[in-house]
Number of protein chains: 2
Amino acid sequence: MGNMTIGRLGRETSTKVETIRYYEKIGLLPEPRRTAANYRVYTDAHLNLLGFIRRARELGFSIDDIRDLLRLAAHGEAPCDDIDRIAAQHLETTEKKIALLMQLRRELRDTLESCKGGRVAECKVIVALSPEPRGGQTGA
Amino acid sequence: MGNMTIGRLGRETSTKVETIRYYEKIGLLPEPRRTAANYRVYTDAHLNLLGFIRRARELGFSIDDIRDLLRLAAHGEAPCDDIDRIAAQHLETTEKKIALLMQLRRELRDTLESCKGGRVAECKVIVALSPEPRGGQTGA
DNA sequence: TATAAACCCTGTAGCAACTATAGGGTCAAG
DNA sequence: CTTGACCCTATAGTTGCTACAGGGTTTATA
């Protein structure tokens, strides 16, 4: 009762069919067995795994990160120091991204404030521009 | 006094030389004049512009976004409704990213908590795994 | 039963935004 | 006058997909 085609698997995990085949090609998702007509047949195990992968991707883990996580998980009894390390590192870069995005949000809000009915010349986003890079031809 | 080589420009803006040439190739950064030996010579205007570009990139604006911003800025007197639009749209996606990352941060913290001295099997990150996708061979 | 729509297959090329490499030429210092 | 740091072009590689092209299959329905 857990057998499904690639299309169904895609629908259940909000993943495009091409993406699933791509994950298989790069060895992230194990090859499923095939029907006589060479159609892939997926199980619930694939469903769970792909769900995990998609979730991790959404959260910004790289495919290499995920590979590491899966490799470590495959052991099953190892202490999860290594997983700790990956997660901690990811947490750190996440903190940085959040800080950067919060700064951006503030600047965007400021921009929208100051731009209201204003001119481009006053736009904070545009500040530091005025390029005209072929300016004076002060030769040597 | 504002003339510099590509290497210097790169150092001043924390941009790799290749990236600068790439920006030129895709028409984002205007072509500078050249020395007799065909070396690029950049001005302060380039410095400002590239600074703006890099900052915008860091904040997550796509190159197409930046192109739009620059095009609008080139006008100089147009009302900045369009810039508003770009910024507002970016603000929206920024909010979403922040929310996602905050969720991630929480989950990473939980993970690090629960993983402390635990086993992979108990790792929250790893939950929903146990793949073993070639499980029972319940044929038809 | 035919036939069309909806699905599946492989393989390759394209996307963004760089980054790296190969195979050169130039310029400043010792 | 040579060494090393810099510059040049052009092309291929990276990550994580996505979109064809050019087929076969299965399913629903007339």
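Each chain gets a letter, A, B and so on, in the order the sequences are listed, and its residues count up from 1.
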Counting only side-chain N and O atoms of [X], is one of them less than 4.0 Å from OP1 or OP2 of [N]?
X       : N      : result
B/Thr19 : C/dT19 : yes
A/Arg34 : D/dG24 : no
B/Arg8  : D/dC7  : no
A/Arg40 : C/dC8  : no
A/Arg21 : C/dC9  : yes
A/Lys25 : D/dG16 : no

**Asked** In Å and rounded to the nearest 0.5 Å, what is the CZ to CG distance from A/Arg57 to A/Asp65?
**Response** 9.0 Å
**Request:** Drop me the distance from B/Asn3's CG to B/Asp44's CG, to the nearest 0.5 angstrom.
**Result:** 8.0 Å
For the side chain of [X], counting heavy atoms from C-beta on, which of [options] is nearest?
X       : options                : value
B/Asn38 : C/dT10, D/dT18, D/dC8  : D/dC8
A/Ala37 : D/dT26, C/dC27, C/dT10 : D/dT26
A/Tyr22 : D/dG16, C/dC8, D/dC6   : D/dG16
B/Thr5  : D/dG16, D/dC7, D/dA19  : D/dC7

Please report, rounded to the nearest Å, how far the [atom2] atom of [N] is from the [atom1] atom of [X].
X       : N      : atom1 : atom2 : value
B/Ile20 : D/dC7  : CD1   : P     : 9 Å
A/Ile26 : D/dG13 : CD1   : P     : 18 Å
A/Asp65 : D/dT15 : CG    : C1'   : 13 Å
B/Ile6  : C/dC27 : CD1   : P     : 16 Å
B/Glu18 : C/dT19 : CD    : P     : 8 Å
A/Glu24 : C/dT10 : CD    : P     : 7 Å
A/Leu9  : C/dC7  : CG    : P     : 15 Å
A/Tyr39 : C/dC9  : OH    : C1'   : 7 Å

**Request:** Examine the base of D/dG16 for any acceptor or donor lying under 3.5 Å from a partner atom in the side chain of A/Tyr23, and report the outcome as yes or no.
**Result:** no
**Close side-chain approach of A/Ile63 to A/Tyr22, heavy-atom, < 4.5 Å** = yes
**Asked** Got A/Tyr39 and A/Ile6 here, is their nearest side-chain heavy-atom distance under 4.5 Å?
**Response** no
**Complete:** Ranking B/Arg57 and B/Ala36 by the position along DNA chain C of their nearest nucleotide, the one closer to 5' is B/Arg57
**Message:** Salt bridge or not between A/Glu24 and A/Arg40? Use side-chain N to carboxylate O under 4.0 Å.
**Reply:** yes
**Request:** Please report the C-alpha distance between B/Arg54 and B/Thr15 in whole Å, then the side-chain angles of each, then the deciding distance to 0.1 Å, and finally whether the side chain to side chain donor-acceptor pair (under 3.5 Å) criterion is met.
**Result:** CA-CA 8 Å; B/Arg54 293 304 286 179; B/Thr15 309; 3.2 Å; yes
**Asked** Contact class for B/Thr35 (heavy atom, under 4.0 Å): base, sugar-phosphate, or nothing?
**Response** nothing
